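These numbers were taken from a predicted model, which means no experiment stands behind them. The chain is numbered in sequence order, starting from 1.
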Amino acid sequence: MLTRKQHELLMFINQRLTATGVSPSFDEMKDALNLRSKSGIHRLISGLEERGFIRRLPHRARALEVIKLPEEVAIPSAAEKNRFSPTVIRGDFSGALPGSSVSTDSEAVELPLYGRIAAGTPIEALRDQSVSIGVPAALLGHSGEHYALEVAGDSMVDAGILDGDTVIIQRCETADNGSIVVALVDNLEVTLKRLRRRGASIALEPANQAYETRIFGPDRVKVQGKLVGLLRRY
């Protein structure tokens with residue numbers, strides 16, 4: 001049987017994993033439970049782990065997995081569990097360029113295809129306004145302005161983003177902690193990474209253990225959009 005705080009923490013972790021695919025930070029857990037220190041969170045997590053409700057994922061900082069929930073709470077299906085996976089439409093999108101058409105189940109929206117964005121070492125952004133790509137309107141699912149970028153590199157493979165994929169980006173200047181974003185570094189380089197705020201610093205985190213997280217001062221990084229969808233060509 002769980003204590004009240006253990007139950008609150010378990011439900012908070014599960015809610016965050018289901019919504020974002022990312023474990024909450026210890027600071028976020030501390031604030032959510034109105035605790036004064038992170039040591040209390042460590043004790044609660046150890047208790048949940050000992051009772052078989054969660055487990056820590058090896059070789060991944062701060063990664064937790066919910067194994068089960070209390071009996072009175074419905075357990076999500078495997079498809080609803082905590083792994084983030086961008087919406088992917090597979091197929092041949094060569095007809096999406098100007099002068100062609102795409103056959104989809106919903107109306108296609110033409111988005112500017114700005115060029116290749118690094119999912120590895122940052123590269124300078126290309127902004128070719130003359131090229132566009134057709135995207136099903138249902139894939140966007142969000143209001144606001146959108147654009148597309150082609151992925152170069154393999155540093156986000158564990159998030160399901162591969163070299164050569166086309167990512168759909170919702171233009172924005174802010175994003176939630178843990179979101180995959182287009183980040184402008186030093187007003188020169190653009191990269192696709194997971195955003196982490198660490199105190200006064202900003203970390204751009206890859207989804208590939210072969211790459212290191214890069215940490216910058218807040219004045220060096222600007223969010224230019226967040227990932228909302230992905231297209232893949234065979």
Side-chain angles (χ1 to χ4, degrees), residues 1-86 142 155-156 158-160 170 172-183 192-209 211-223 225-228:
M1 186 171 179
L2 299 179
T3 66
R4 181 173 61 86
K5 285 296 185 183
Q6 286 174 337
H7 186 278
E8 289 178 4
L9 180 60
L10 176 63
M11 299 311 298
F12 177 67
I13 294 171
N14 184 68
Q15 181 183 31
R16 182 63 63 87
L17 286 171
T18 301
T20 68
V22 181
S23 304
S25 68
F26 280 87
D27 283 327
E28 290 170 333
M29 289 186 273
K30 174 176 69 68
D31 293 341
L33 271 65
N34 294 317
L35 297 180
R36 293 184 178 181
S37 70
K38 289 185 284 189
S39 61
I41 295 297
H42 284 283
R43 288 193 295 271
L44 291 172
I45 286 178
S46 296
L48 290 170
E49 191 174 23
E50 290 171 0
R51 289 165 173 78
F53 285 91
I54 65 173
R55 73 182 181 98
R56 305 178 206 236
L57 300 180
H59 311 302
R60 294 177 59 185
R62 211 188 75 187
L64 301 172
E65 180 180 27
V66 175
I67 299 175
K68 65 179 181 179
L69 295 174
E71 292 182 359
E72 69 272 16
V73 180
I75 299 177
S77 66
E80 297 170 331
K81 277 202 169 184
N82 57 1
R83 289 290 178 267
F84 170 81
S85 179
H142 299 271
S155 76
M156 297 302 290
D158 290 343
Q170 180 186 12
C172 61
E173 296 182 354
T174 61
D176 293 336
N177 202 32
S179 299
I180 296 177
V181 302
V182 174
L192 184 72
K193 291 290 182 292
R194 197 178 296 279
L195 177 74
R196 300 286 190 193
R197 295 183 178 86
R198 299 181 177 181
S201 300
I202 292 178
L204 299 180
E205 182 180 282
N208 183 335
Q209 294 183 10
Y211 293 82
E212 294 184 352
T213 298
R214 304 175 72 203
I215 300 177
F216 302 92
D219 57 332
R220 296 183 60 191
V221 177
K222 296 179 182 177
V223 173
K226 62 181 179 181
L227 178 70
V228 297

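- For the atom pair CG of Asn14 and OG of Ser23, the computed distance is 11.0 Å after rounding to the nearest 0.5 Å.
- Every pair passing salt bridge (charged side-chain N to carboxylate O under 4.0 Å, His left out) that includes a residue from residues 5-15 is listed here, sequence neighbours excluded: Arg4-Glu8, Lys5-Glu8.
- Minimum heavy-atom separation, Pro218 to Ala200: CD-O, 2.8 Å.
- More than 12 heavy atoms of other residues, nucleotides or ligands lie within 6.0 Å of CD in Glu49, so this atom counts as buried by the packing criterion.
- Distance check, rounded to the nearest 0.5 Å: OG of Ser37 to CZ of Phe26 gives 12.0 Å.
- Atoms CD1 and OG, on Ile41 and Ser25 in that order, are 9.5 Å from each other to the nearest 0.5 Å.
- Ile180 is not listed as a side-chain neighbour of Lys226, based on a closest heavy-atom distance of 4.5 Å or more.
- You'll find the side chain of Lys30 reaches within 4.5 Å of the side chain of Asp27, heavy atoms only.
- For Asp158 against Gln209, the heavy-atom pair with the smallest separation is OD2-N, 4.3 Å.
- Side-chain contact check for Leu48 versus Leu2: some heavy-atom pair is nearer than 4.5 Å.
- Leu227 has its side chain out of reach of Ser179: every pair of non-hydrogen atoms, C-beta onward, lies at least 4.5 Å apart.
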In sequence, state the C-alpha distance, the side-chain angles, and the governing distance for Asn208 and Met156, and then conclude on side-chain contact (heavy atoms from CB on, under 4.5 Å). CA-CA 6 Å; Asn208 183 335; Met156 297 302 290; over 6 Å; no
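- Side-chain contact between Leu204 and Leu195 is present, with heavy atoms from C-beta onward closer than 4.5 Å.
- Closest approach of Leu35 and Gly40 over heavy atoms only: CD1-C, 4.2 Å.
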Let's go through Lys193 and Ser155 carefully: what are the C-alpha distance in whole Å and the side-chain angles of both, what is the deciding distance for side-chain contact (heavy atoms from CB on, under 4.5 Å) to 0.1 Å, and is it a yes or a no? CA-CA 8 Å; Lys193 291 290 182 292; Ser155 76; 3.1 Å; yes
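- Side-chain contact between Arg55 and Leu64 is absent, with no heavy-atom pair separated by less than 4.5 Å.
- Taking every heavy atom of both residues into account, Ala207 and Ala159 meet most closely at CB-N, 3.7 Å.
- The environment of Asp176 atom CG is sparse: at most 12 non-hydrogen atoms of other residues, nucleotides or ligands sit within 6.0 angstrom.
- The two residues Ser46 and Arg56 make their nearest non-hydrogen contact at OG-NH2, 3.3 Å.
- Residue Leu10 comes nearest to Ile54 through the heavy atom pair CD1-CG2, 3.6 Å, listed as atom of the first residue, atom of the second, then distance.
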Carefully, step by step, assess Arg198 and Thr213 under the rule side-chain contact (heavy atoms from CB on, under 4.5 Å). CA-CA 12 Å; Arg198 299 181 177 181; Thr213 298; 4.2 Å; yes
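- A distance of 10.0 Å separates CZ of Arg194 from CG of Asn177, quoted to the nearest 0.5 Å.
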Quick one: do Leu33 and Leu44 satisfy side-chain contact (heavy atoms from CB on, under 4.5 Å)? Show the steps, please. CA-CA 11 Å; Leu33 271 65; Leu44 291 172; 3.6 Å; yes
